Peer 1: 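Provided herewith is a single structure, encoded as structure tokens, for subsequent inquiry.
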Amino acid sequence: MIAQPEALNFECETGNYHTFCPISCVAWLYQKIEDSFFLVIGTKTCGYFLQNAMGVMIFAEPRYAMAELEEGDISAQLNDYEELKRLCTQIKRDRNPSVIVWIGTCTTEIIKMDLEGLAPKLEAEIGIPIVVARANGLDYAFTQGEDTVLASMAARCPDRSPVAEAEKDERNAIAKLLNFGRKKEEVAAAEAEYVNHPPLVLFGSLPDPVVTQLTLELKKQGIKVSGWLPAKRYTELPVLEEGYYVAGVNPFLSRTATTLMRRRKCKLIGAPFPIGPDGTRAWIEKICSVFGIEPKGMDEREAQVWENVEDYLQLIRGKSVFFMGDNLLEISLARFLIRCGMTVPEIGIPYMDKRYQAAELALLEKTCHEMGVPLPKIIEKPDNYNQIQRINELNPDLVITGMAHANPLEARGVSTKWSVEFTFAQIHGFTNTRDVLELVTRPLRRNNSLKGLGWEKLVQEEAKV
Amino acid sequence: MKLAYWMYAGPAHIGTLRVSSSFKNVHAIMHAPIGDDYFNVMRSMLERDRNFTPVTISSVDRNVLARGSQEKVVDNITRKDAEERPDLIVLTPTCTSSILQEDLQNFVERASLEAKGDVMLADVNHYRVNELQAADITLRQIVQFYIEKARKGGTLPEGKTEKPSVNIIGISSLGFHNHHDCQELKRLMADIGIEVNEVIPEGASVHNLKRLPRAWFNLVPYREIGLMAARYLEQEFGMPYVDITPMGVVETARCIRQIQQIINQQGAGVNYEGYIENQTLYVSQAAWFSRSIDCQNLTGKKAVVFGDNTHAAAMTKILAREMGIHVVWAGTYCKYDADWFREQVSEYCDEVIISEDNGAIGDAIARVEPAAIFGTQMERHVGKRLKIPCGVIAAPIHIQDFPIGYKPFLGYEGTNQVADLVYNSFTLGMEDHLLEIFGGHDTKEVITKGISADSDLGWTKEAQAELNKVPGFVRGKVKRNTEKFARERGLAEITVEVMYAAKEAVGA
């Protein structure tokens, strides 16, 4: 038995690792915010990434595009303002979005293009709000792109509730959905299902069905979600008054959290993230505790979910999983998988905000102690080459990795799952537990079905890595 | 600034990496921000490569921006040199890091002092050339580097191989059907008694580059990658090259005749006419297909062609010359080499289009309403929208361009593959004819299957709305499973809560 370290161990490596560029967030945010247009201001390198590596082929001219910087832009021979005005006027004419989100890139950072300075002027001139997010790879990794966009959007949320009743309806789209077709008295009756508590706004971009699911989970506890950042439409951004409570659903939103606290004077509920039944329960319980509500039926709810996935748990119990680090969901997923009975020798992660993830880290530690397994080593800014040497030594049952390393590892007999799938799949809340395990167990189930064929190593000599 | 939704050719560093990573035991270091190294993903995912892509990022972050790379790049080069002992390390920036104006050449020189292998900086202007041009430039640079090195070291082999021999130049990683083309070219060379001296860059060792001049001639099958290296070798050693793409029956024959002429000038004394005739008339099925009754029905059908220079030009010629199809327009996105394209295709089509703008190409397709399109993945998509079939003949590269089965575009087997592609792209010749004669064969109404039997369960409006959010292809399953769940529990009404309870319970 390995001696268990007292506390979590954090290390930092070289940062020579592969992950997606943070501009990839446009791929899901443009779909989430239906009246938006995302303009990525960068080079051919950025554009080809979105088109090719992300597999998001810009076929039908969707609501995002590149403002491709050319030599004249780089050498400052052209006027940035005039150029952006030309492009944004065209976008307004062709698409007429409710908001244009400028995504700054490494190149706009390097040439010091003053996007924040240009936006207000252009916004006034063309009459469309322009939100600026610096989703560049110099400072951020992959999912943090969403963080930069939401942090900027937080500044655009209205700061007081609209007075008129009609407008209120407009703002609260979820309430409208839930009350759809009901009479006014019924709505009033429905309101009575809620406990009286200060307004709560949730932040993080989730697919609409998951938004509904988490909203309903909180409703069961009498908690009303006043709004989501982002909302389905830019025009429905939630009201944020001073003193409102906010809670995040994703572990990569530390800037958004900071912005909400410092700039909007909201109160952050620091909780583990609602991923897996254990995390979802902890998240709900924490929100309940802040509002002084005694959570109801959580034991049964959690137990029920575990029971429903027992067939999958049998496949992974006692197995080990190695996270190479990609999308910043690593801590939450590791904590959930340890609760499922797995062991985790190493969690690679691009960036570790120990404050924003404090509750999640504490739950990870607690889970390890309760399950009687060693604490994982947490490697910030990993070095992929070193990691592969460690994978060779540790021989884990599963490696959760970015797309660049999956096939080569599979060819060497190592089971892998793409980390990016957890970014795009519905993994939040009680309801989606099975979906997470569906992903985690798929390589194991697949390899079980191939077992006995002797197709383990598909490279002739052990190639140097 | 340019508003861009799509690119036909990638950025320059992709071209450089395609060449460097094609060689055996050559590693590339990218001086670039995190995320710019997606070439690794393309290799591993699109090409389904079993090996780790020999490209490592030396990441540019805020620190590098503030204080310069300092030792970082040099350290990463020497570290990789020690870890994997590559023969050569190629350093490349991307569009982004190239504007930092760091003295990368100096880093390379410093790293060379310590490294056991060779180190070089890929000399490419990232704002002036695209992927294809950069690949061509990098290949020339590497060839030149090793020729000069051998010359300096006095290790350049003298003379030619005993038997007629060829270097095949331009086969590369992430090239459109390159691996299968290469196999087919080797077979063709074997058939006509020519030894393959070297294939570069794919699978080649840089140590063997000094042996390039021993071949009797160079074959450059693709217009985009390899010409610069071939011209360099011609200039240095007077090596002739053949740059006729052997795609289609007529062009393959022309390519072989050119080879015959070149090696006979060097005293080979071969005559390939018999081979060409045998292949054309009896071995390849393409000429017979052209003469067959099915192809007759393609006569005069309208098609448009778009792609890179190599494939768009060759395809235009095949359609017009070998199948009697009317090419309304032919186009290329290789703007930098537009004159060549015009000269190649203008006699085979009504109009020539040179454009990098996918929107303009889409409009041009819509304008002429062809019966079939031969283009890239983008035109395939345009075709889908317009309900016009499209055969994909050129990059931008896509996972479908790496079929598991053998599908070359070049040589005599290539002629068969292309004929199949053409035939299957059009509404089948015979079928088309019969449809006209008999007025269609699907006379019965399509019987649509309901998503569930008439149900006694009520769905609340919210649940119905939620159900409508479920993607269409699984909606029926979700509905059935939810209703089954509700029935088992004796629930009369399905609410959103019931829907999600069902999802949890039965994975509906």
Side-chain angles (χ1 to χ4, degrees), chain A residues 15-16 18-22 43-45 47-49 51-53 57-59 61 65-71 73-74 78 83-84 87 90 106-107 110-111 136-139 141 177-178 180-181 208-209 212-213 216 305 308 385 403-408 411 430-431 434 458-459 463-465, chain B residues 1-7 10-14 33-38 40-45 48-53 56-62 65 76 83-84 94-97 99-100 127-128 130 359 377-378 381 385 396-397 461-462 465-466 469-470 496-497 500 503-505 507:
Chain A
N16 293 351
H18 167 76
T19 185
F20 279 142
C21 172
T43 59
K44 258 186 186 307
T45 301
Y48 203 58
F49 164 68
Q51 165 180 327
N52 215 325
M57 296 229 168
I58 312 178
F59 278 139
E61 293 198 18
M66 288 293 306
E68 193 184 310
L69 298 169
E70 296 170 297
E71 212 172 357
D73 301 300
I74 302 299
L78 296 167
E83 291 294 298
L84 283 166
L87 265 48
Q90 191 183 334
C106 303
T107 308
I110 292 171
I111 63 175
N136 68 76
L138 300 165
D139 301 305
L177 173 71
L178 294 176
F180 186 74
D208 297 337
T212 313
Q213 288 158 15
L216 284 173
V305 174
N308 287 343
Y385 181 85
M403 290 181 133
H405 294 100
N407 264 335
F430 289 121
T431 315
R434 202 175 174 80
L458 292 141
V459 277
K464 289 177 292 180
V465 289
Chain B
M1 264 178 232
K2 195 167 89 180
L3 192 64
Y5 288 95
W6 173 262
M7 261 177 256
H13 78 272
I14 295 285
I34 287 289
D36 269 7
D37 64 338
Y38 55 84
N40 296 16
V41 175
M42 293 174 63
R43 270 273 290 219
S44 158
M45 298 313 306
R48 224 178 274 110
D49 198 327
R50 301 176 196 215
N51 287 313
F52 292 96
T53 306
T56 300
I57 193 158
S58 171
S59 57
V60 173
D61 56 15
R62 224 10 104 172
L65 210 55
N76 277 316
E83 277 167 0
E84 307 208 17
T94 58
C95 303
T96 313
S97 47
I99 49 180
L100 288 173
Y127 285 87
R128 295 198 184 155
N130 67 20
Q377 288 291 335
M378 180 46 105
H381 194 79
R385 269 194 292 169
I397 210 70
K461 280 182 182 163
E462 303 89 86
E466 199 67 15
K469 285 188 210 158
V470 174
V496 179
E497 284 90 342
Y500 288 117
K503 177 173 158 64
E504 280 169 45

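Every chain is numbered from 1 and lettered A, B, ... according to where its sequence line falls, protein lines coming before strand lines. Everything numeric here is computed off the predicted structure, so don't read it as measured data.
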Peer 1: Kindly compute the distance separating CD (Glu466(B)) from CG (Asp208(A)), expressed to the nearest 0.5 Å.
Peer 2: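 Between Glu466(B) CD and Asp208(A) CG, I get 8.0 Å after rounding to 0.5 Å.
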Peer 1: Quick check on the interface: out of Asp36(B), Asn76(B), Thr56(B), who has the most heavy-atom pairs with chain A under 4.5 Å?
Peer 2: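 Of the candidates given, the most pairs with chain A belong to Asn76(B).
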Peer 1: Return the option, out of Val60(B), Thr96(B), Asn40(B), Thr94(B), with the maximum number of heavy-atom pairs under 4.5 Å with chain A.
Peer 2: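 Heavy-atom pair counts peak at Thr96(B).
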Peer 1: Tell me, side chain or backbone of Ile74(A) under 4.5 Å from chain B's heavy atoms, or both, or neither?
Peer 2: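 Only the side chain of Ile74(A) comes within 4.5 Å of chain B.
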Peer 1: Kindly indicate whether the side chain of Arg62(B), heavy atoms from C-beta on, has any atom under 4.5 Å from the side chain of Asn136(A).
Peer 2: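 Arg62(B) reaches Asn136(A) side chain to side chain.
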Peer 1: Over all heavy atoms of both residues, which pair between Val459(A) and Arg50(B) is shortest? Give the atoms and the distance, please.
Peer 2: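 Closest pair (atom of Val459(A), atom of Arg50(B), distance): CG1-CB, 3.9 Å.
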Peer 1: With the side chain counted from C-beta on, respond yes when Thr212(A) and Lys469(B) share a heavy-atom pair under 4.5 Å apart, and no when they do not.
Peer 2: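 Thr212(A) vs Lys469(B): side chains touch.
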Peer 1: Using non-hydrogen atoms and a 4.5 Å limit, figure out which bit of Asp49(B) sits close to chain A: side chain, backbone, both or neither.
Peer 2: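 For Asp49(B), the backbone is the part near chain A, not the side chain.
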Peer 1: For the candidates Ile111(A), Leu78(A), Thr107(A), which exhibits the highest count of non-hydrogen atom pairs separated by less than 4.5 Å from chain B?
Peer 2: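 Counting heavy-atom pairs under 4.5 Å, the top option is Thr107(A).
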Peer 1: Looking only at atom types and distance, does a side-chain atom of Ser44(B) sit under 3.5 Å from a main-chain N or O of Met403(A), one as donor and one as acceptor?
Peer 2: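 Checking the backbone N and O of Met403(A) against the side chain of Ser44(B), a donor-acceptor pair under 3.5 Å is found.
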Peer 1: Counting distance only, does the side-chain N/O of Gln51(A) pair as donor-acceptor with the main-chain N or O of Met7(B) below 3.5 Å?
Peer 2: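 Checking the backbone N and O of Met7(B) against the side chain of Gln51(A), a donor-acceptor pair under 3.5 Å is found.
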Peer 1: Below 4.5 Å from any heavy atom of chain A, which atoms of Leu65(B) appear? Answer side chain, backbone, both or neither.
Peer 2: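 Answer is side chain: those atoms of Leu65(B) sit under 4.5 Å from chain A.
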Peer 1: Counting heavy-atom pairs under 4.5 Å with chain B, which one of Ile110(A), Thr43(A), Thr45(A) comes out on top?
Peer 2: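 With the most close heavy-atom pairs to chain B, the winner is Thr45(A).
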Peer 1: Keeping the roles fixed (side chain from Glu83(A), backbone from Met1(B)), state whether a donor-acceptor pair exists under 3.5 Å.
Peer 2: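 Yes: the side chain of Glu83(A) pairs with the backbone of Met1(B).
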Peer 1: Who wins among Pro11(B), Ser58(B), Ser97(B), Cys95(B) for the most heavy-atom pairs under 4.5 Å with chain A?
Peer 2: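 Sorted descending by pairs with chain A, the first entry is Pro11(B).
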Peer 1: Flag the pair Phe52(B) / Tyr385(A) as yes when at least one side-chain heavy-atom distance between them is below 4.5 Å, and no otherwise.
Peer 2: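 A side-chain contact under 4.5 Å is absent here.
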Peer 1: Could you look at Thr53(B) and say if it's the side chain, the backbone, both or neither that has a heavy atom under 4.5 Å from chain A?
Peer 2: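 Neither part; nothing is under 4.5 Å.
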Peer 1: Considering all heavy atoms of both residues, which atom of Lys44(A) and which atom of Gly10(B) are nearest to each other, and what is their separation?
Peer 2: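 That would be CD-O, 4.4 Å.
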Peer 1: So what's closer than 4.5 Å to chain B heavy atoms on Asn16(A): side chain, backbone, both or neither?
Peer 2: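 When you check distances to chain B, atoms from both the backbone and side chain of Asn16(A) fall under 4.5 Å.
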Peer 1: Near Arg128(B) CZ, under 6.0 Å, is it more than 12 heavy atoms from other residues, nucleotides or ligands?
Peer 2: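 Result for CZ/Arg128(B): open.
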Peer 1: Search all heavy atoms of Met42(B) against all heavy atoms of Tyr48(A) and return the closest pair with its distance.
Peer 2: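 Minimum heavy-atom separation between Met42(B) and Tyr48(A): CE-CE2, 3.9 Å.
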Peer 1: Could you check whether any side-chain heavy atom of His18(A) comes within less than 4.5 Å of a side-chain heavy atom of Ile57(B), counting everything from C-beta outward?
Peer 2: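 Not in contact.
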